[in-house]
Each structure stands twice: as C-alpha cells, then as structure tokens.
Amino acid sequence: MILLIGLLLGSTAVFAMMVASFSWQNLVLGFAIASALTWMFRKQVIPKPLPPNDLAAHLVIYSPKLAWYLFVDIMKGTWIMILTTLGLRPLNKPGIVRIPLHTHSPFGVGPVGYFITLSPGSFMVDIDWDEGVMLVHVIDASDPDQVRKDAEKYYKLWEYGRHVPLPWMSPEDKERTPDA
Amino acid sequence: MIALPLMILWFGGVVMALLDGTRKPSGWLAVGILAAGFVATAALGVEVYDKTSVEMAVGGWPQGVGITLRVDTLSIIFALLSQGVLLASLIYEVVNGVGARIYPALVIFMGVGLTGLFFTGDAFNFYVFFEISMISAYVLASYGETPRQFRTAFIFVVVNLLGSVLFLIGIAAIYHTTGFLDMVRIREQMPLIDENPAILSATIIFVAFCTKLGLFPFHFWLPAVYTGTRPSVAAILSGALANIGSYGLIRFGADIFPRELREASEVLLWLGAISIIYGGVQAVARHATSEVLAYSAIGQVGYILIALALGGPAGYAAAVLYTVINSANKTLLFLSGSLRGWLVGAAFAVGAFSVAGVPPAGGFFGKLALFRVGVDEHRPWIVALVFLGGALSFVYMFQLYRRRTAEVGTPDTSPVGAQVLVVVLALVVLALGVFPEPLLGMTQRAADALPVVKLP
Amino acid sequence: MHEIVYYAAMIWMIGLFCVCVVMIVRAKSSLVRVLALDTLTLVLVALLVVYSTTTKTSYYLDSAVVLALISFISVIAAARYHAERRLF
Amino acid sequence: MPMANYRRNAGMLQSAARILLVPSFVIALAVMFKGYGDVGDGFSAGVIAALGALLQGLAFGAEELDRIPVIRYASIGTFVGLTIALGTAFFPLLTGDPILLHWPRAGEDVVHFGVLEFITPVLFDVGVFLVVYGFCVGAVHAIAREQERQVRDRERARKARGAERPTLAEEPLEVAE
Amino acid sequence: MTILFSLAIAFLFATGAYLMLKRDLIRLIAGMVLIGNAANLFIMASGLRRGVTPILPLDQRAADPLVQAMVLTAIVISFAVGALGLALVYRVYVSHYSVDLSRISAAEEQQSEQEESAGSGFDDEAEDDTDGERQRDAEDEVVTV
Amino acid sequence: MDINSLMQPNPALVLLVVALAAPLVVALGGAWRSELVGKVAIVMTGAAFATAIWTCFVDDATFDVAWASTWDLRFTLVLDGLARLYALLATGIGFFVVVYAFSYIPLHLHHDHRPLDEQTRFFGFLLLFMGAMVGLVMAQDMILLFLFWDLTAIASYFLIGYDRGEEESRSSAMMALLVTGISAVLVMIGAVILGNELGTYNLGRIFSSATPERGIGIAALLVTVGALAKSAQVPLHFWLPRAMAAPTPVSAYLHSAAMVAAGVFLIGRMYPLISLFDWLLDGLLVIGYASLVVGGVLALTRQVLKQVLAYSTISQYGYVVVMFGLGGEKGVAGATFYVLAHALVKSALFLTAGAVTEATGKKHLADLGGLWRRMPLLAFGSGLAAAGLIALPLTIGFFKDELFFAAAYEHGTGYAVLAVLGASLTFTYIARFWTTIFLGRENVAPKAIPGTLVWPVVVLGVATLIGGLWTAPAIWLVEHAATVSAGMDVHLHIAYHLDTRPENVMAVATWLTGTALLVSRPVWLPAAIAAARLGEKLGPARAYYEGLRLLNRVSDAIHTFEVRDLRSRVATILVPAGVLVGVAVIVTPNSDAFHVGSLARSDIPLITMIGATLVSALVVTIVRDHFRLALSLSAVGFSLAVVYALLGAADVTLVAIVVETIFSVLFMGMLALMPRPILRYETAVRGARRLVRRDVVMAVIAGAMAFFVVWGALSQPAPSTEVIEAHQMLTPLAHGKDIVTVILADFRGFDTMGEITVIALTLLGIMSLLRSGRLR
Amino acid sequence: MKAYLYDAALILSVAVMTLGVIGIWRMPDIYTKLHAASKAVFLGVVVLALSSTVIAEGAMVYRAVLVSAIVVITTPLSSHVIGRAAYLMQERMETPGAVDESGSNLKDERPTWRL
Ligand code: NA
Ligand code: NA
C-alpha cells in the first residue's frame, strides 16, 4: 500500500516538476491525474496482492546504500571507460559473464540488471531462466568470479524483490515467486 | 448559418467514420448527411445572393487574428458544385453497393475539406482544408482495392503531395512578403509589395494548382489516376477535387494576384492552348472510356485557364462557368461510362454532347462563354483555338460513343438506381443548357466581385 | 568568456551530432547505427539543456525531457526491428 | 537458440515499461494542461502518451496492446476526441455566436485550478489530445495486427505446403548484410 | 542569414526531390518527408520577426508566433501524409510483391497495353485476384531464386 | 405577360409547343406501350401539321420572354412568312414521312431481327427533328436559333445511326455529326461576333443595325459556311450520301424538309445580312454552281437508288444557293420557291425508293425495271414527283426552274448557260431514275407492300401536280417568305406563258440537252465515272478520312511519348515548375530584389545546426538500405527540431521531436511488414549511373526553383508586423500565455480542427490500407 | 562565480560526451561500443543538467532534475536492449582474448582490435 502511495506521489511529483509548480492545486491535480491513470492501468501497474508495506521501509532504509554503491560503480566504471577510450588502458578481455540468479522473480532480477547496466563498464545482456543465469557484459572480464561477487551486493539490497509477484508475470513465473 | 454546412458535414463525417459504410442504411445515412449539407449550403447561397458576401470571424476575434470565414457567390458556386458531385458519386456507390466501410465517411470528409476551403478567407486555413480533401482523395483513390488501385493511389499521393508542398511554400512566401494570412488583407497589401517575390509566389502557387487540375505539362499523373480509380472515385476526382485547382486559380489568381495574372496572361494562354490541343489530340485515339475522359479532362482545364488568362468579368465568369459545366460533364460521363443500358447510353450521349458544346447540353454555354470572351477581347486566335478544341472534342467523344454504341447486344445489367442516377445527372446537364440563367447569373455575380486590373 | 564557452560547446556538440550521423551511415554493424542514433538523441538533449540554461528559459527543457523519455522508445523499436524484423 | 525465450527473458524492459507507463501519461497530461501558458499542447501530449502506451507493446508483445482497454480502443478515442473538438467549436452556433467562441468571453475572469484553466480551448485541446493519441496508437496497433496476420498467413501457407522448409521471406531472423 | 536560409531550404528540397526520383517507393516517402521538412523550415524562416520564445510575459522581442503555429500544423499534416504514404507503400507491396517502381511501372504498362487492345473502359477484373494469393505465388517465386 | 396574352395563345408559341410536345409524348407513350408509338406519332405530327396550317390563317406573331438575361439572351420566336413556309414543310412532309414510317419501321426492324420497341427511339428522334426544325425556323434570337440548329444535328445523328448494329450506320452518323456539328460552331462564332459588334442577338435588330463592316462580314461568312455545310454544299457535301445509311423515311425527311433544308433556311433567314456583302454572294454563286455540277455529275454515275437521290439533293440545293447568290427579288423568291417545290418532290422520290426496295429487296437501279405494271400507283405518284423535279409543265417544279432560269438570265448569259447545263443534268438522272425503275423489262417480282408505303408518295405527287395547277397557295407562301429573306416586298409572278421568253427557251433547251444526255449515256459514262473516281481520290471525303486517320495516328504517336513512370511524373512537375520560376525570375526586375541578409553572432549555433541538418539530409540520399534510411531520416527530424529551438520556437521543437519519434516507429513498423528479401532485392539493384546523374540534375533544378522562390520571398519581408502584435496583445485576453498554443487552440483553432481531421482521416486510411486494421 | 562553475561543468560534460563518441568510434565491437557510448554520454548529460541548476532557478531546476531522472532511467534500458539484440543476433566479439561464458560462441579469432 505504501509502495502504491509512493508510486502515486512519485507521479504527482513528475507532474509538478513538469508544470514547474508545487502549489497545492497542482499537487492535487497531479495526484488526481496520477490516481486516475493508476486506476485506469490498475491491471498493469498495481501488483496483486499488494506488496507488503515493509518492502517500502526496506527500500527507504537501503536506498542510501544503494546510491553509494551506484555512485562508486559509476565513478569507477567511468574512469575505466575514459582510460580505455583514450587508449591509456588496454582493453583487457571484455566479455560476457554468467551471473547466477538468486531469485526467480523478474521483479527481483529487473532492478539488479538495471543497476548493473546503469554503471559504466557493465551491462546486462540477457536472462536465461532455464539455466538460472544472467548474462552480463563487462568491459574487464579478466576475473569473472570477481564480477559475480560484485553483483551479489545488489542482490542483497534487493532481496525483497523476489517476494513480489507482479500482474504481468506468466503463471509459471508467479509460481516461482516464493510468496505467491 | 455560414458554418452550418460545415457543421453538418463534419459531424456527419465523424458519425460515418464509426459506422460500417458497406451497409445500405448507413450508406443512405451518408447520402442524407451530404444532402443536408447541400441544402444548408444552398440556403446559405440564398443569403449570400442577397448580401454578395457573408463573413464570420471564427472565435469572434478581430479580423487578421482569428480566421475569417468569408463566403461569396464564387464560394457558393464551387461548394454546391462539389457537394453535388460528391452526392452523385456517393449515391452511385450506395446504389451499386459500397465496397469499403470507410467510403461514405471519406466522401463526406472530402465534402468538409472542399466546403471549408471554398468558405475560408484565410490563406493558411485554405491549405488545411485543402489537405483534408487531399487526404480523403488519397484514400479514396485506393477504393476498389485491386493492385491497380493501389498503384494508382500511390501515383496520386506522390504527385499531389508535391503540389501541396509547393502550395504551402507559396503561402509562406505570401505571409512573409505581405505580413497577413487573411485574404482580404493580402489582397490589399499585394499591390504594395515588390514585383519579384509576388510573381515568384504566384508562380509556385500556380504550379501547385495546375498540378491539381492536371494542366499540361503538370498532367502526367492524371490519365493513370483517372483510369486507375473506380468510376465513382474518378468522378469525384475530376468533378469535385479538381475544383480546388480552378477555384484556387480564380481565388488566388484573380483575387490575390490580379496584377501577376495579367502579366503572365500570355504564358497562361500558351499553356492553356497547349493543354487543349494536347488533351484533345491524345484523347482522339484512346480506346478505354476512362482514358478518353482523362485526356479530355486535360483539354477541358485548358479552357478554364484561357478564360482566366483573358480575364475581366467576362473571362472570370467564363472560367467559373466552364468549371461548373466541366465538373458536371465529367461526373456524368465517368458514372455513366461504367454502366450499361440504353438509358445510360442516352445519358452518356448527353455528356458527350455537353463536352462537345452542343446545345441544349450545358456544355454549350461553356463554349459560348469562351467565344464571347475571345471575341470581346479581340483575340481571333483564342476563338480559333476554342473552335479547334471543340472540333477535337467532337471527334474523340463521338469516336468513343460510336464504339460504345457498337456494344448493343450487351445485356442490361446495371442496377436501376444507378441508371436513374445518371439519367438525373443528364437531366441536370440538360437543364444547365436550357435554363442557363441561374448559373450565368451566379457566375457573373461571382466574377463581378473579383478585382479587375488593367495593365498600363 | 561565458559566451565563448557557450558557442564553443554548442558547435562542439553539433559536431558530435554530425559524427553520430556519419556513424549512422558508415558503421559496419546495424546495431552500431542504432547506438549512434541513441547517442545522437542524447547529444541533442544536452544541446537543448545547454541552450535552455544559457538563454535562461525553461522552455527547451520540456523538449529535453520529452526527447529523453521517448527517444529510447525509437531506439528500442530500431533494435527490435533490426534483431527481429518485427516491432512487437 | 537464444531467440526462443525472447519475450520471457525481456524482464528488465518489461519492468521498465510498467514503471514508465503512468509517468509518461502524467507527463503527457502535464504537457497538455500547462500548454496554454507554457510549452506544450494537446498534440505533443497525445504523442507522448501514445509512445508510453506503445512501449507496453514493445515490451510485452502485440497481444498486450489488445489487453489494455485504453490502448485497444484508442482509435475510437480519435473520433471521440474529434467530436469533443467539433462540439467545442460548433456549440456557440446554438446561441448564434461564431464558432470556436472563447468561453469565458475574452478578458473575463476565468476559473483555474493549478495549471488547469477552465476555458474552452483547453477542452478543445483535450479533443486534440485524444485524436492524436488515438491516431498514434491506432496506427501502430494496426501494424501490429497486420504483423500477426502475416504470421498466421505464413503458418497457413506452410501447412498447406506440408510443413516444408520455411521460405526466405518468412524467416524472421537473418544474418546481417 | 537570408541567403543561408534560402540555400538550406533549397538544399533540403533538392534532396527530397532527388529521393522522389528514385525507384524505391520507400525512398519516395523519405523524399516526401524531406520536402515537407523543407517547406516547414521555410515557414519557420518566413517569420517576420526573430526573437525569444513567444510565451508571456515577454521582456525581449519575441519570435513570430504565427509562423510557429503554422509550422506546427504543417508538421502534423506532413507527418500524417507520410504515415499514409507508408501504409500505401505496404499495400502496394502486398499487391505487387515489390516496392520497386520499375516493376510496378511494368505492371502499369502492361495494364495500359491490355486496355489499348481490349478497349474496354473500366474493367480491371483482369487483375482482380486477391492480394493474398498473389503474395503467396510471389513468395514461392522468391524461394526458387 | 398579362392575363390577356394567356387567354389568347400566341401562335408561335403554340406551334413550338405542339411541335416539341410531339417527341415528348412519343417517348412517354413508347415507354408506356411501345406498340402504340407509331399511331401516337401520326397523331402528334398530324396535330403539328394542322397547327402549322392554322398559323397560315393568323397574323404574324412574336413571342418574346427573357431567357438568360445576364447575357441578354431572349427566347424570341417570330412567326413570319419564312417561318410559316418552313414550318409547314417540316410538319407536312414530316406527317407523310411518319405515316410512311408507321409501316416501314416495323418492317425494317423485323428485317434486322430487332425488337419492335426500338420504334420509340425512331419516332422520338424523328419528331424531335421536326420540333427542332419548327423551333429553328421561328427562332429570332441568334443563340436560340443556334440551339435549335444543333438540336437538328443531334436528332439527325441518332436517326442516321439508328441501325446501331451496323458499322456503316455508326460511322455515317458520326461523319454527319462531325461535319455539321463542327461547322455549326462557326455559326455560333458568327453569332457571338454579331452579338459583340451590334450588342444584340436579336435578328431583327441585327439586320436593322448591321453595316457592311469587316467584323460583320466575318460573322456573315461564318454563318454562311455553317449553313452551306448543313446544306451539303461542295466541298462539305460528302456526308450527305453517306447519311443514306439511315432508314429511308429519315432520308426523305432529311433531304426535303429538315436537315439540308435547314441550311438554306439559315441562308434565307440571314439573307439581309449576307446580302450586304457582294463577295459573299459571289461565293454563294461559286459554291452553288460547283455543288450543282458536282452533285449532278455524281448522281449520273450512281447505281444505288438512294445515292442517286442524295447527289441529286446536293445538286438541287446548289440551285438554291446559286439563286441566293444571284440575289435580287428574283433570286430570293426563286430560291424560296425552289425549296418548297423540291421538298415535295424529293420526299416523294425517297419514299418511292424505300417502297421499291421494300417491295423488291433491291437497291440498285440495274436490278430494277418495269415496276409500273405491278405498282401502278407508286409509279404514278413518283412519276408526278419526278416530273416536278425535272420541271415539266403542269407541276409545281416547272416554276422552280422558270424562276431559276429567269434569275440566271437576268445576271448574264454565262450564268444562264450554266443553269441550263445543271438543269439538264437533273433532267438526265431523274429521268433515268424513274424510267429505269418503272419502265422497261420487269427484272424482279415485287411483293405486296402496305398501302401506307404508297399513299404518301401519291399524295405528295398529287400535291406536286396541284401546285403546278393552282399556284396561289405556293405564291402566297413564297412571297411572304421571300419578303422576310429579301428584307423588302417580294412579288412572285408565275404563270404559264407560251412564248419565247428566255426562261421558256432555256427550259426547252434543258429538256433537249437532258434527253440527249440520257440517250448518249454510254458515251459519257466512262468520263463521268472517271470524274467520280477522281473525286473520291482527291475529294473532301478522302480528306475527311485521311484527316481522321492522321489525327488518330498523331494521337497514338504522342501517346507513346506520354510519361508512364512515376519518377518521370514527378520530374515533369519539378522541371516545368523550375522553368516557370526561372522565367519569372528573368522577366521581373532583379536589381535590389534579392538580399543576402545580415549575420549576427548569436546565429552561429543556428547556422551550425542547419549545417548539421543538411549533412543529415545528404546522408539520407546516399544510404543504401532502408534501416539506415529510417535512422538518418530521424536524424534530420531531430536536428530540425533543434533548429526550431534555436529559432525560438519551443512548441515547435517539442512537436517536431515527438512527431519524429512516432514517425520513426511507424516507419520501422512498416519496414518490418515487408520481408527482407524484397527490400534487399530492391535496394541491391542500383540505378544506372546515367539515371543517377539525371536525378541529380533534376534535383538541382528543383532545388534552384525552391531557392529562388524562397530567396525572393525572404528578401522582402513585410513592413508591417501588426498581426504579430495583435496576437501578442490578445493572448492575455484569451487567458493564455503561450501565444503559439493560444493561436493553435483559439485564434486559429479552426486550423487545428482541420489538422486533427486530417489525422483522423489518415487513421481511417491506414486502417483500410493495412488489411487487418480496424477501429477496435 | 556560479557562471564559471557552470562553464566548467559544461566543458566537463562536453568532454565526457566527446569521449563517449570517440569510444563508439574506436571500440572494436558492438558490446564494447555500448560501454563507451551510452553511459559516457548520459553521464555527460546528467552532469550538464544538474550543473545547470547551479545558475538556473525555479522551473528550470525541476525540469533539469526531471531530465536527469529520465535519462538515468532510460539510458540503461537502451543499452540493454541494444546489447540484447546484439547477443540474440549473435554479433561477434571482435576483441582478442574476449571472454564468453554465454555458450553462444561469440568470439572471433581474427585479431582486428588495435588501440
Ligand atoms: Na504551449
Ligand atoms: Na497543431
């Protein structure tokens, strides 16, 4: 529920930012619009059953940590990329690395893949559900195990994700989600 | 009042877009909508006739800021003509069985576009309505849905799009040089602007409208399109859509660029003359009815251009008159050309006589008007040209008619409704020739409203 | 000084834009072309931001927002078309 | 063959598509409502919303477009929007005023709530929005349907031929040139 | 600036025209788009004033808003026509199994020859086979190449 | 029109109404019950004839109402002597022809295995012909006259082409229409010239104000040419013999009282004008004599019954034309009298030919002979008619030649000799015609034919005789008619004089010469045939056919150059447009017309961005595959969006961006619908280098056109920006801030309405073009 | 001062973007190009957008933030989609010594990579 409200508030914020005014009228208007749209797309965007409220708390608690991880990864990756592009650093064995999936929920994997992709130097290529791995391309794959280890931290942060079955999941995906 | 025809057609178009036009009831509903629009236009025409011109500032904003709808006799003539042609073609299809669900909607929307562009007093708004009718026409051209129609539609789209773009460039040029989009203001401003940009924008707009009209040498798309489309569509294209070209030439040429029109009259005369001869000669040895009609159309627009180039109230009136008659002829011929039966044959003959300018078919007054203008202006060559063109039209129409009558034995299969329709059209064409006064009066009134410029 | 930086940055970014356009033609792999388009749109986003900031109007930031939001859709469409020969 | 699980394995894109769905509509409506006083108008709003909707199709496949009513019936929206715009335009005729008459009348006080002004042009712009939204979604959706039809046709043709090798034309994936 | 604008518009127009002279229908559409772009740029350039964005309140001279409104409408219309053109290209492809003008012109040529010999006006029943069948036949043809 | 005039019907109007009602009634009656149509036609023509007779007992009358007041056209009918004469002929001969056709047409249709209900068409057009003639002879307004004039052409077209199944019939009809229809246009031009010179189309006023000026002379000439073509005068005579393809009653009518007579009627009607110009009268003389001789000589060589008569008609109207050319009281009166007499006899002879052919099945003179035994009544009737035509005393025909001789003699001996020569030709072929059919050995046994095929001939023959004995009615008619033509009182003095006045001598000379010619036929026949052959080879008929063929060939030749390729179609718009613009640039003063414009520092990004746009556009033209095409097209769109931004158009930028995006999605969607082999096949085939060069040249022309138009316009900005200021000022009143959106949604919301309609229409189009498209 | 800060940020982000474009140009295969491109460029944009808040106020700040947020959300998506398309189409890795654990054998032996 909190997550849902958060979603609505986020949309309201987008509206307000877009109209460049946080006056109460605009916030109300934005909220109304966001609510109407969310209702209109309820089957698509509102998870059923609603995720537990502690997920929201979890997100709030861990977001600074996530931000820090991301910041560090981005800086590191950018630096590596700059050096590589300028030819100051050899292109050292780039390639695709298999990272095992610790969750079977796309909602769990999606954000992890996203975080990995967000930082320069690595991006998610594909998910292979059958083998339970995620293929990630990294600019420096000389030590694949290190890469896998680096990815773990995001899983830990996003642990909760695997509990959430989402409306667009196929039945078998939902089955794989433990809390369903 | 002024917006009533547009309102009827516009809402009607939306309604028809959602209905399945292949069903008889919705087809007749579409006919009813068009007819209602026609009646509303006619009623507006009565009002216009009393006041010479009726205006409405859209949104109530002052002239120049808002768009002004401005309806004068010229607009009414063209609107009634085009709606009439659309109505006939739509009835024709409904009687024969509509083949595509959106056909009636497209015809009505074309009515919106045409009516709007005849009614508007704003140059850019003209372009917008022009595009409404063009888009309807683009889709209509593919009606019938055989490979040939798609091919044809593609040709039509590409060539006419080029014309539209040229027109748009012309509008922009006019705006930049005069500072106005309202046609009345543009007209006031035109004499003050430099000759060079005026003639350039006039030229580009002329090319655009000639492309729509299918005047030599901008006509090369026309035979393929008129022969490749279904008869009712060909009737619409030649009888209604081509009116954009003639209306545009008159409105922009005679009303906005009178000076440039005078200056270019020699060129226009030449182009018109070539068109007449070229279309006429081409039509002579063509076999398919639609092909003869297509080349005939090229020749016929030459007369309109000549009348326009000769100018003056008489010339403009002749141009309008000729447009009306040509549209009626083409509609009648294209529609009856694809039917069978002796009644149809008679109707076709009326059309053929009209094209040849033989009384009591309406075409007679078209030719007569041209002769009058030619004689009034002391241009024996024009008279000779019109004579020659008329002789060619005699030859091609009656070579064609001769071939058609050879098919005496063909069974009488066309639906009675369609036959009745073409007979009614033929009667209309005859009525134009027997009771010409309303038309002559209206065209003269329309022409008298246009400015007359005498070159030093 | 600020002006010179602004002009230089603008011209430079437009140069980057042109490089991307050239990559659209010259790249060996079609996906690189898609990538070039993506980059191109981002350069334009940056360009709009710079222009907006320099002229102190927010108006072009709207376009930047929208461009950023929707250009990736056309990139997805292009990649999908290229990989699958279908959009959906 | 990696292609086999194409749709299933697009989880990241799918999540993102869902997450962006409401915001893109919100941005679209914001662009529309503020348009009278700021950049934007019903037209761009319609396209933005349509792209947000089409993103669902890109992520989940064409069937998804049929599943969401707001997308499925979008092309009806075109005509609804056109009707709204026409109604706004022609309504003043009833009182004998010129079409598209501004209401409340020029210069009069106007009720507004945030960026939303209660004036006829905004209603008109809503019509524009619907038309454009409906057009963009409808046109792309029509392409999607056509694509499905082609697949069906080929399947049928292949069955008719006796399940032989696929033709070049139907091969969905090919080596780049 | 005047001449630069003119040159740019002319160049855009020329590239569009060049593409419209190509055999490939899709290029033709691209040419149409480019020509439309040229016209739009011209409308924009024909503004009577240059200046800042015309949104009130204004402290400087604003650009001509009228051309902006015009160009908006023109952009939308050329977009619509472009989309329609694409759909038409697709349908031409379906019915001719080609997007090559030379092949399509050949079909047209054939048609007009038929007409010359048959002399019957509106009868295009000769070509009345359904699109689908045509396409299937053509597909087989391609496989054998 | 007051109530009195309604109470007292105007004779002119009554006549016209009756005559024009006839075809209408027949058509309606035929539609109702086709078997009744013949009887209805007889009744209606009878009524018309009766009305025409009635008009002889009332005063001259004028009916005049406004017709097209914008052009000062009036529906003016005048019932005068000339009108009475011709109306009487048209209705009277018409009546006998219809009576004849009542039996003839069913037989004719029966022969051709055609349904009987086709009668309706025949009688309908025949009566329309009659109605048109009646209208023509009374019309007093040039334009109205022309209307009826062409109506006769239309009626004759359908009547000549009545046997639609036969190519001969169709092409003859077309020939008649082309010759008479096209030449008729000359009459119209003449009318217009008169209207322009004299300010009226009213004949009375034209005659009263016409002066022998050049313009009026041209008009008179044009009218005369049209009239001569209709009267089948040399060199436009060739259509008439071909018109024999029509059923016999039609021929009879055409030659005697309708079509051909209309020609000389027009000369008679316009005579006050024509006679102003001596050169025109001389021309008439030349044409008339030529026709007289050519028709006569050719008639001598013919074997087919109707052809003999047809050439005879050419020759006979040659007499009339000559007499008009001779002019004066005698000439005009003679011409008028001649028409009357000729109408009676020629119709009788034609009907005879039809009856003979119907009875025997033979058309050639050589196949016939000795029919007087079996068909005495027909022989009698046609004998009288033939006697009339060869001007034997006691027939009305005698006087026609007497008047002719008198007029010719009055003019000079040469004319007289020619007159005698012509008349003896007539004598020869008509004598041969009658004697070959009815005298001599009986070659063929005729079958019985209905009485209605014979009695009209007898009545007409007897009328010929009566006319020769009781001249008063004819004199009365002709005098009144000729008075109108001559524009002065004409008195006709005809009687039998047993003295050696020149006319009588010439008549005797004619008979003698004629008899000699008849007897010496074997001697001159080869020469005559040779002349006819020569005429066929070099004559106007040949010119007609060759002209038509040449025209068709030219048409085909031009058609091969017709552009049939979309690329060329595009090129043929761009290049002429470029030429026109080039001409426009050259002819207008260019000094100070084009400005280079100034450049500000703030324009630098704009210029660079425009450069980038052009680079992208260039890229679009050189990429090879469609994928790159789509991408580079997007690049052009996006870069233009930025250009718009740099021009201060925020709304435009936004719309350009979204449009470009959705368009690229659509583009790729459409590409995805087409299989790759197709796309690759098409792009792999690259245009020949020559074509590429051609395309570049055309593109450059197009670009140059755009350049000059754009530069010319941009160089001359409008001085006034009041519209912009007005928009700016009114925007707050419209409760908005963004002027552009306020314009779009409010000031120019009408544009936007059109624009969204375009979008909706495009959606409809796409839905119908993509086969599976649907609205839900 | 703020203006100088902004100038510096501008120069920085343009430099980052330039590097990204150079990367696209110079990297050997699509995978490595993807690394170079989007992120470098998007970082450039984000830096720029955020730095613009230094000299801007009100409306501009909100939108600059929005631009950054949207770029952050969408850019990884495009890289992922392009990368995935490359993988699905079996685009070769053209870097010597490339690692491939995907099992699709995307390695190419030809030594084309030279920096
Ligand atoms: Na706005
Ligand atoms: Na708009």
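Within every chain, numbering begins at 1; the chains are lettered A, B, ... in the order of the sequence lines, protein sequences first and strands thereafter. Side-chain atoms are counted along with the backbone in the values below, which use heavy atoms only and exclude waters and symmetry mates.
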Residue, of [options], that accumulates the most heavy atom pairs under 4.5 Å with chain G:
options                            : result
C:Thr54, C:Ile73, C:Val49          : C:Val49
C:Val22, C:Leu47, C:Val50          : C:Val50
C:Val19, C:Asp62, C:Ile76          : C:Asp62
C:Val75, C:Leu69, C:Leu67, C:Leu61 : C:Leu61
C:Val34, C:Thr53, C:Val66          : C:Thr53

Original post:
Do you know which of G:Ile11, G:Leu48, G:Asp7 has the most heavy-atom pairs under 4.5 Å to chain C?
Top reply: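 That would be G:Asp7.
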
Original post:
Considering only heavy atoms, which portion of C:Thr57 lies under 4.5 Å from any heavy atom of chain G: side chain, backbone, both, or neither?
Top reply: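 The backbone, not the side chain.
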
**OP:** Tell me, with the steps shown, if C:Met10 and C:Tyr6 meet side chain to side chain contact (heavy atoms under 4.5 Å, CB included).
**Re:** CA-CA 6 Å; C:Met10 287 296 269; C:Tyr6 162 69; 3.5 Å; yes

Original post:
Which heavy atom in G:Ala36 sits nearest to a heavy atom in G:Ile24, and how many Å separate them?
Top reply: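 Here G:Ala36 and G:Ile24 meet closest at CB-N, 4.0 Å.
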
**OP:** Inspect the contact between G:Arg92 and G:Asp29 and indicate whether a charged nitrogen and a carboxylate oxygen are less than 4.0 angstrom apart.
**Re:**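 Salt bridge between G:Asp29 and G:Arg92, a charged N being under 4.0 Å from a carboxylate O: no.
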
**OP:** Could you walk me through whether G:Ile55 and C:Lys56 pass the side chain to side chain contact (heavy atoms under 4.5 Å, CB included) test, one step at a time?
**Re:** CA-CA 9 Å; G:Ile55 60 165; C:Lys56 300 227 189 313; 4.3 Å; yes

Original post:
Could you give the distance from CD1 (G:Ile22) to CH2 (G:Trp25), rounded to the nearest 0.5 Å?
Top reply: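 CH2 of G:Trp25 is found 11.0 Å from CD1 of G:Ile22.
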
Subject >> Flag, side chain of G:Ser13 to backbone of G:Leu10, donor-acceptor distance under 3.5 Å >> reply: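 Indeed, once roles are kept as given, a pair shorter than 3.5 Å links the two residues.
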
**OP:** Please look at G:Tyr62 and chain C and tell me whether the side chain, the backbone, both or neither of the residue comes under 4.5 angstrom of a heavy atom of that chain.
**Re:**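 When you check distances to chain C, no heavy atom of G:Tyr62 falls under 4.5 Å.
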
